[in-house]
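A short write-up of the structure that comes next.
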Amino acid sequence: MGKTFDIGIESLAGGTAVRKAAAVREPRTAPLPLPLRGAPKTALRSMRGAGVAVEAAGKSFFIETFGCQMNDHDSEKVAGVLQGRGYWPVETPAQADLVLYNTCSIREKAAQKVFARLGDWKTLSDGKIIGVLGCLAQQEGEEIFERAPWVSLVCGSASYRKLPELIDQLESGGRRVTGLDLDTDETFETEITRRDRLLSAYITIIEGCDYACAYCVVPRTRGPERSRTSESVLAEARRLADAGYTEIQLLGQTVNSYRDPGPRGWRFVDLLRAVADVPGIRRVRFTTSHPNDFTREIVEAIETVPAICNHVHLPVQSGSDRILKAMRRTYTRGEYLEKISWMREGKRDISITSDIIVGFPGETAEDFEESMSLLDAAQYDAIFSFKYSPRPNTSAKDLPDAIPEDEKSRRLAILNERQRQIQTARNETLVGETMQVLTDGHHPARGVWGGRTSCNRLVNFTSTRDALLGEYVQVKILRASANLVGGEHVE
Ligand code: 5AD
Ligand code: SF4
């Protein structure tokens, strides 16, 4: 397995060449971040260490990312691979010799968006190499060449280890190259990972998924589950701490299914505690947890280790046992709610968020009511809610009793409205509390700073001090709404 090390993005070229396609996301009830303003790059440069200088070369690249945090982080690694080979990032696809799309296919809309992007190059791709990475690449494979003959590279995430080889082939004149194997048991570890987030660094600890949820493309697009050794994860965490990061986010489609393939044989909770113990690391987040592998030990770790953030994203998908079974979710409503009660009755307040799908085939009005009543029972701090979207190669694709689109939309609106009320009420209970915030945004015109609490709440606040970006500050909460709390910095 390759050695991983990180270089500060400033030393490479700035983070602009990896653009996030935010518009592809479904409307979500969860908070949106305050835009970063000011000049955090210079403010934080000293925190990151000198890094490794890479000479500008003739070839430039641009990568646009769709979808989840795993994709965001894969793009950081792909950018690192390219920059390590002398490619130079540029701000727009028009300027680039190599244009890459790191794609998502979790819902149809996400896939359509990528094909629309590819369509832009139909008459303009002359001399450029256009590549498709990620879940849509894996799902559609060589079909992409049929639909967009100007594409030269198609590579799914389970084959990213082969990327340098594929790039070699393109550089030596290869017209069409593919990396579509799913049988790799390796994880994607890079010599260089370019870090595009200024305050919080991602570490993928487990790739792929061994569950088989009826609606989900991920097991097909990302392949079987593979965990990294705890040794390599900890080494990466230490390097990040040395580079000045204080917050780490452990990533995996089912992050808590982690099982150390190394001699220690650690479970997820052991790794979580060990990362939180790395000197210099003040916050550790993790996402996404699968309810089946969510244990009391994880709750105990959150309760006893302040550096482990008190936020758990625990997607339920439906409140109806009948639908959970049809979705092949491997737990019942009762079992799920029991796990919620471990957290709600525990010693430390833990924010809980979830994903919910409405309009799965056969979802009756009663089933939907069960999802509504689950919102009341779970009292989530935020949810991501989706209309079911049939996907290729999933077992739910051909299920009978499809729910009409307008009925799905109606259910989604009702669900979101109920959740908005719950969130507002929950946020209001925070008024009067003082919370620690990691400042990650500034809106000078409005005189407002922004940041997140350990429990992942967005906080806007005023302060009499300057230069707070990257600082942990105490904020007294004075106001609350559904997606945001507001307050003032107290010393
Ligand atoms: N349709 C709608 N939502 C889906 N998700 C996954 N697959 C689908 C689908 N086919 C949602 C699930 C998952 C989240 C990342 O996306 O809620 O947790
Ligand atoms: Fe998809 Fe289910 Fe795996 Fe999550 S656990 S990635 S929803 S198959």
Side-chain angles (χ1 to χ4, degrees), residues 24-30 66-72 103-112 134-136 138-139 157-158 182 204-227 251-258 268 286-294 312-320 323-331 336 352-363 368 371 374-375 378 380 382-399 402-403 405 407-409 411-412 415-416 419:
V24 82
R25 290 183 187 280
E26 298 277 342
R28 291 178 158 186
T29 52
F66 298 80
C68 64
Q69 289 156 312
M70 297 281 288
N71 269 10
D72 285 341
T103 63
C104 171
S105 65
I106 198 118
R107 284 168 291 276
E108 197 185 350
K109 247 197 215 166
Q112 282 167 351
C135 290
L136 192 72
Q138 190 66 50
Q139 181 185 291
S157 72
L182 268 186
T204 303
I205 63 165
I206 174 170
E207 290 178 7
C209 176
D210 277 354
Y211 284 94
C213 302
Y215 50 81
C216 185
V217 289
V218 168
R220 287 294 293 255
T221 59
R222 285 191 166 268
E225 188 183 291
R226 288 100 63 205
S227 292
L251 296 182
Q253 300 293 340
T254 56
V255 75
N256 58 329
S257 315
Y258 176 84
F268 171 68
F286 54 98
T287 198
T288 292
S289 296
H290 193 289
N292 208 48
D293 300 318
F294 191 75
V312 174
H313 185 59
L314 199 65
V316 68
Q317 311 298 358
S318 169
S320 150
I323 296 296
L324 286 173
K325 196 161 176 213
M327 287 177 164
R328 305 190 180 163
R329 281 297 285 180
T330 73
Y331 53 83
Y336 178 89
I352 309 171
T353 55
S354 191
D355 294 345
I356 299 190
I357 297 175
V358 298
F360 188 78
E363 184 188 73
F368 175 63
S371 289
L374 185 118
L375 290 188
Y380 291 122
I383 60 166
F384 300 118
S385 53
F386 309 102
K387 290 189 276 185
Y388 169 71
S389 165
R391 305 306 296 128
N393 305 316
T394 59
S395 61
K397 185 176 151 273
D398 297 315
L399 283 180
I403 309 297
E405 272 313 299
E407 178 58 15
K408 287 188 210 169
S409 302
R411 291 181 189 178
L412 189 72
L415 187 91
N416 285 343
Q419 178 58 26

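For this chain, numbers begin at 1 and follow the sequence in order. Atoms within each ligand, like the ligands themselves, are counted from 1 in listed order.
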Numbered atoms and elements of ligand 1 in range of R107, under 4.0 angstrom, heavy atoms: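 Under 4.0 Å from R107, ligand 1 has these atoms: 1 (N), 2 (C), 3 (N), 4 (C), 5 (N), 11 (C), 16 (O).
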field: Subset of ligand 1 atoms that lie under 4.0 Å from at least one heavy atom of R391
entry: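 In order of numbering, the contacting atoms are 10 (N).
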- request: Would you tell me which option among V218, D355, V217 has the nearest heavy-atom contact to atom 18 (O) of ligand 1?
  value: D355
Which segment of P219 sits under 4.0 Å of ligand 2 when only heavy atoms are counted: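 For P219, the contact with ligand 2 is made by the side chain alone.
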query: Between T288 and ligand 2, which part of the residue brings a heavy atom under 4.0 Å of the ligand: side chain, backbone, both or neither?
result: neither
query: Short N/O distance, under 3.5 Å, between Y388 and ligand 1?
result: no
message: With respect to Q317, determine whether any N or O atom, backbone or side chain, lies less than 3.5 Å from an N or O atom of ligand 1.
response: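 Right, the criterion is met.
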Q139 side chain near P392 side chain, heavy-atom distance below 4.5 Å: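 In short, these two side chains touch, coming nearer than 4.5 Å.
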Considering only non-hydrogen protein atoms, determine which one is nearest to [atom] and report residue, atom name and distance to 0.1 Å.
atom                    : result
atom 4 (Fe) of ligand 2 : R329 NH1, 4.3 Å
atom 5 (S) of ligand 2  : H290 CD2, 3.5 Å
atom 1 (Fe) of ligand 2 : C216 SG, 2.3 Å
atom 7 (S) of ligand 2  : Y215 OH, 3.3 Å
atom 2 (Fe) of ligand 2 : C213 SG, 2.3 Å

Location of contacts on [X] toward ligand 1, heavy atoms closer than 4.0 Å:
X    : answer
F386 : side chain
K387 : backbone
I357 : side chain

query: Has R220 got more than 12 heavy atoms of other residues, nucleotides or ligands less than 6.0 Å from its CZ?
result: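 No, not enclosed.
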Just by distance, do the side chain of [X] and the backbone of [Y] share a donor-acceptor pair under 3.5 Å?
X    : Y    : result
Y331 : V316 : yes
R226 : P224 : yes
Q138 : A158 : no
D293 : N256 : no
T394 : V217 : no
T287 : H313 : no
R411 : G359 : no

Parallel, tilted or perpendicular: rings of H290 and Y211 (30°, 60°): parallel
query: Can you list the atoms of ligand 2 that are under 4.0 Å from a heavy atom of T254?
result: 5 (S)
- request: Would you tell me whether Y215 and R107 have side-chain atoms, one donor and one acceptor, within less than 3.5 Å of each other?
  value: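 Checked: Y215/R107 side chains show no N/O donor-acceptor pair below 3.5 Å.
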- prompt: Are any N, O or S atoms from C209 nearer to atom 1 (Fe) of ligand 2 than 2.8 Å?
  reply: no
